Amino acid sequence: MKYRRLGRTGLKVSPLCLGMMSYGSPAWQPWVLEKSAARSFVKQALDGGINFFDTSDFYSYGLSEEALADATHGLVRREELVISTKVGMPMSNLPNEQGNSRKRIREGIDASLKRLKTDYVDLYLLHKWDSETPIEESIDAMEELVKAGKILYHGVSNFRTHQIAGAQAHLRSRNEGSGLAAMQLQYNLVYREEERETLPYCGENGIGVMVYSPLARGWLIGGDQNVSELTQRERTRVQQDVKGQALYGSEGDFEVRIRLHELAKQRGIPPSRIAMAWILARPQVSTILCGALEPHHLAESIAALDVVLSPEDMKYIEEPYRPGPLRTAGYKEILEQQKKMQRIGVE
């Protein structure tokens, strides 16, 4: 495993990060595995050289964080792990249990540390932009956590470029080091709008990029077409992943997927490896978040590290892409699904 720096920080992370959203409780989303299932996947990741694990208090309302704590117990020293978690998504319908206020951030980290069974997290992210809280308040609260020793680095997720710039400018006005450590964003062969501004901005400003949905939540590898060939876990994900259904499947997406599968056939390897190798070739990318419901999902992610694409390969799969609108759907659909499951009541 060749480790990469997270942006301009000195922190070294594996180019693959195990996304822990898949483990917690199916009561949160139907395709999620029980938290006890996480241990075998975490061990597989560690055996493969992965040292980076990403979760959020929002995932299964804290059970994902508990799953990571339970899964790593007795397997590895805390010093060998790089743990990332997030704050800001609704934990209930109460007004102060959502958003990026100082109150929410301070209470959120204490609850996360308790669930993770550790006294610090390596990376703490604002899960999404909060239009009701000044970014200066949020960033100051994060810096307070650094000084308190509860977090080592902080960053953002799902921010637009101008929002990242605002956070970065405030940090620099305080003379607080080099600024944000990381930005977590959606990026894959059928969603490349971040190439316009966000990826260049992060590269120029030393902000590490953590990519989620590298396979378009499974859509790129054709899960929606060959349902009969899927395992029960995979079938549940395809049929009940409301965010994936909201984001992917436009006419232009199909053209890109056809090229991906054609190249995979020519190379004699699964399309997932090519899709991830394409992302890993981007100089701004520090790591890819890989979700795993089956052991072969993680094995394929690790195998992608050995795939090298030629300039001709890159051009072939990139050519059909047509720029489009920002794809920010999904959160509303998830919250509506959870309301139906009587988990929370969020307007």
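Everything numeric in this text was worked out from a predicted model, so none of it was measured.
In this structure, His162 and Trp129 have tilted ring planes: the angle between them lies in the 30° to 60° band.
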Point to revise | Ser60/Ser25 under side chain to side chain donor-acceptor pair (under 3.5 Å): CA gap, chis, key distance, verdict | key: CA-CA 6 Å; Ser60 294; Ser25 170; 5.4 Å; no
Exercise for review: Take Lys150 and Asp119 through the salt bridge (charged side-chain N to carboxylate O under 4.0 Å, His left out) test and state the conclusion after the steps.
Suggested key: CA-CA 6 Å; Lys150 295 182 179 183; Asp119 56 2; over 6 Å; no
Point to revise | Trace of the side chain to side chain donor-acceptor pair (under 3.5 Å) decision for Gln186 with Ser213 | key: CA-CA 6 Å; Gln186 174 191 196; Ser213 296; 5.2 Å; no
Exercise for review: Apply side chain to side chain donor-acceptor pair (under 3.5 Å) to Glu262 and Tyr316, showing your working.
Suggested key: CA-CA 10 Å; Glu262 288 175 346; Tyr316 182 72; 2.3 Å; yes
Point to revise | Steps toward salt bridge (charged side-chain N to carboxylate O under 4.0 Å, His left out) verdict (Asp47, Lys43) | key: CA-CA 6 Å; Asp47 290 344; Lys43 185 178 187 305; 3.0 Å; yes
Practice item. Assess whether side chain to side chain donor-acceptor pair (under 3.5 Å) is satisfied between Tyr187 and Glu195, documenting all intermediate values. Key: CA-CA 9 Å; Tyr187 184 51; Glu195 293 175 3; 2.5 Å; yes
Exercise for review: Evaluate the ring-ring contact (aromatic ring centres under 6.0 Å, His included) criterion for residues Tyr191 and Trp219: first the C-alpha distance (whole Å), next the side-chain angles of each, then the deciding distance (0.1 Å), finally the verdict.
Suggested key: CA-CA 12 Å; Tyr191 183 68; Trp219 189 90; over 10 Å; no
Practice item. In sequence, state the C-alpha distance, the side-chain angles, and the governing distance for Arg259 and Glu319, and then conclude on salt bridge (charged side-chain N to carboxylate O under 4.0 Å, His left out). Key: CA-CA 9 Å; Arg259 288 282 184 102; Glu319 194 173 35; 3.2 Å; yes
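Looking at Glu300, its side chain never comes within 3.5 Å of a backbone N or O of Ser272 through a donor-acceptor pair. Checking side-chain atoms of Tyr153 against main-chain N and O of Ala182 turns up no donor-acceptor pair under 3.5 Å. Between the side chain of Gln98 and the backbone N or O of Leu94, at least one donor-acceptor pair lies under 3.5 Å. The backbone N or O of Leu309 sits nowhere less than 3.5 Å from a side-chain atom of Asp313 that would complete a donor-acceptor pair. Of the possible donor and acceptor atoms, none in the side chain of Thr133 sits under 3.5 Å from a partner among the backbone N and O of Asp130. Looking at Thr9, its side chain never comes within 3.5 Å of a backbone N or O of Arg5 through a donor-acceptor pair. Side chain of Tyr124 to backbone of Ile109: a donor-acceptor contact under 3.5 angstrom is found. Counting only distance, with no hydrogens or angles, the side chain of Asn205 and the backbone of Ile207 share no donor-acceptor pair below 3.5 Å. His127 places no side-chain N or O within donor-acceptor distance of the main-chain N or O of Asn100, the cut-off being under 3.5 Å. Remark: the backbone N or O of Glu97 is not paired with any side-chain donor or acceptor of Ser92 at under 3.5 angstrom.
The number of heavy-atom neighbours closer than 6.0 Å to CD of Glu251, taken from other residues, nucleotides and ligands shown, is 12 or below. Taking a 6.0 Å sphere around CD of Glu294, one finds it holds more than 12 heavy atoms contributed by other residues, nucleotides or ligands. By the neighbour-count criterion of 12 heavy atoms within 6.0 Å, atom CZ of Arg4 is densely surrounded, having more than that number from other residues, nucleotides or ligands. Within 6.0 Å of atom NE2 in His73, 12 or fewer heavy atoms from other residues, nucleotides or ligands are found, so the atom counts as exposed in its surroundings.
Using a 4.5 Å heavy-atom cutoff, the side chains of Ile139 and Leu180 are in contact. Within the 4.5 Å cutoff, side-chain heavy atoms of His297 are placed close to those of Leu293. Under the 4.5 Å side-chain criterion, counting only non-hydrogen atoms from C-beta, Trp28 is not in contact with Leu63.
Separation of atoms OG (Ser112) and CD1 (Ile151) is listed at 11.0 Å; rounding is to 0.5 Å. Put simply, OG on Ser157 and CG on Leu185 are 8.0 Å apart, with the number rounded to the nearest 0.5 Å. Distance check: Thr118 OG1 to Leu81 CG gives 8.5 Å after rounding to the nearest 0.5 Å. The OH atom of Tyr3 sits 9.0 Å away from the CD1 atom of Ile50 when rounded to the nearest 0.5 Å. Taking CG of Leu16 as the reference point, atom CG of Leu298 lies at 8.0 Å (rounded to 0.5 Å).
Between Arg77 and Glu80 there is a salt bridge, since a side-chain N of the basic residue sits under 4.0 Å from a carboxylate O of the acidic one. Using a 4.0 Å cut-off between charged nitrogen and carboxylate oxygen, Arg273 and Asp306 do not count as a salt-bridge pair. One finds no salt bridge joining Glu137 and Arg104 here, because no Lys/Arg side-chain nitrogen approaches an Asp/Glu carboxylate oxygen to under 4.0 Å. Using a 4.0 Å cut-off between charged side-chain N and carboxylate O, Arg196 and Glu193 make a salt bridge. Between Arg282 and Glu318 a salt bridge is recorded (basic side-chain N to carboxylate O distance below 4.0 Å). Salt-bridge check for Arg115 with Glu66: failed, with every basic side-chain N at 4.0 Å or more from each acidic carboxylate O. Of the charged side-chain nitrogens involved, at least one lies within less than 4.0 Å of a carboxylate oxygen, so that Glu144 and Arg102 count as a salt-bridged pair. A salt bridge links Arg78 to Asp122: at least one charged side-chain nitrogen sits closer than 4.0 Å to a carboxylate oxygen.
A pairwise comparison of heavy atoms in Leu220 and Ala275 identifies CD1-CB, 4.4 Å as the closest pair. Counting all heavy atoms, side chain and backbone alike, Leu18 lies closest to Phe41 at CD2-O, 3.9 Å. The heavy-atom pair separating Ala264 from Pro270 by the smallest distance is CB-C, 4.0 Å. Counting all heavy atoms, side chain and backbone alike, Ala71 lies closest to Val42 at CB-CG2, 3.6 Å. Closest non-hydrogen pair, Glu34 versus Pro26, comes out as OE2-CD, 3.4 Å. The shortest heavy-atom contact between Leu125 and Gln184 is CD1-NE2, 3.4 Å.
In this structure, Arg217 fails the cation-pi test against Tyr248, since its NZ or CZ atom is not both closer than 6.0 Å to the six-membered ring centre and inside 45 degrees of the ring normal.
Tested against Lys86, the residues Asp54, Thr55, Asn158 include a single side-chain hydrogen bond (donor to acceptor under 3.5 Å, both in side chains) partner, Asp54. Shown are Leu305, Val285, Ile302; of these, the side-chain contact (heavy atoms from CB on, under 4.5 Å) with Pro15 is made only by Leu305. Just one of Lys35, Met20, Met21 meets the side-chain contact (heavy atoms from CB on, under 4.5 Å) condition when paired with Ser64; it is Met20. Checked against Glu143 for a side-chain hydrogen bond (donor to acceptor under 3.5 Å, both in side chains), the options Arg174, His154, His170 give a single hit: His154.
The hydrophobic cluster containing Ile258 does not contain Ile221, counting ILVMFWY residues as joined when their side-chain heavy atoms lie under 4.5 angstrom apart, directly or transitively. In the hydrophobic clustering of ILVMFWY residues, with side-chain heavy atoms under 4.5 Å counting as a link, Val121 and Leu75 come out together. By the rule that hydrophobic residues join a cluster once side-chain heavy atoms approach within less than 4.5 Å of another member, Phe254 and Leu263 end up as members of one cluster.
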